[in-house]
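Below: the structure, in structure tokens.
For ligands, and for the atoms within them, numbers begin at 1 and follow the listed sequence.
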Amino acid sequence: MRIDVVSIFPSYFDGLTLSLLGKARDAGILDLHVHDLREWTHDRHRTVDDTPYGGGAGMVMKPEPWGEALDALAPAEGMADPRPTIIFPSPAGELFTQRTARELATREHLVFGCGRYEGIDERVFDYAATRGEVRLISLGDYVLNGGEVAVMAMIEAIGRLIPGVVGNPESLVEESHEDGLLEYPSYTKPSVWRDRPVPEVLLSGNHGAIAAWRREQQLERTRARRPDLLAGE
Ligand code: ADE
């Protein structure tokens with residue numbers, strides 16, 4: 001998979017050289033490129049924002065640098081095969097979930113455009129739609145200062161689903177959200193720690209009983225912490 005990220009703070013993404021995603025990049029499974037939006041400015045101050053038409057607080061990201069970035073990373077129809085999925089993180093977007101991550105992990109080319117300030121000139125989204133499938137995606141119902149942290153989270157959630165990134169694919173199956181429930185609790189040695197024993201059933205060697213206990217724990221936790229997940233069933 002190829003991923004391009006456009007940001008005015010490219011060093012935010014230095015963390016993606018670490019851990020599993022760093023290894024996936026070294027192995028050539030994940031082809032990740034981070035670009036500074038200011039590379040596509042032409043004035044002395046490398047300006048990326050301006051005051052909003054109609055007035056109001058804050059600054060809006062200018063369309064011109066974004067247009068050039070999209071021309072470079074998502075060339076016109078016929079030149080790029082396949083068309084990329086172009087993602088703009090936004091608190092006004094659709095909610096990012098494990099389902100979104102699974103869907104995006106099947107794509108060959110993702111382009112992430114990180115907005116700052118009060119947002120990006122709306123015409124940029126319209127133009128981007130001529131270059132690929134545009135998605136506005138929110139990390140959750142809260143406001144961040146910009147899209148960078150949201151994109152980091154999305155790339156990690158998507159990247160670990162690409163075949164070969166997580167060494168043991170079985171570890172992806174029994175996680176929170178993969179089956180619509182929260183994960184069951186895990187324990188390791190010692191069997192008693194600071195007066196706290198590991199649940200008996202896990203030491204029993206009875207695989208059926210263990211599976212049933214884990215399922216019950218998943219349901220109990222989901223009921224207690226995230227009843228909304230069960231209501232959606
Ligand atoms: N940018 C600012 N807030 C955001 C959020 N909640 N999700 C995605 N991008 C954002």
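Protein residues with a heavy atom under 4.0 Å from ligand 1 are P89, S90, P91, I137, S138, L139, G140, Y142, V143, L144, G146, A150.
Here Y187 sits in one hydrophobic cluster together with V198, V201, L202, L203, I210, W213; the rule is ILVMFWY side chains under 4.5 Å apart, joined directly or through other members.
With no hydrogens or angles considered, a side-chain donor-acceptor pair links Y127 and D71 at under 3.5 Å.
D43 CG: more than 12 foreign heavy atoms inside a 6.0 Å radius.
Residues in residues 84-94 take part in these salt bridge (Lys or Arg N to Asp or Glu O under 4.0 Å) pairs, two or more places apart or across chains: E94-R135. Pairs passing the ring pair (Phe, Tyr, Trp, His ring centres under 6.0 Å) check and including a residue from residues 5-38, sequence neighbours excluded, read H35-W40.
Using a 4.5 Å heavy-atom threshold, the side chains of L110 and D4 count as separate.
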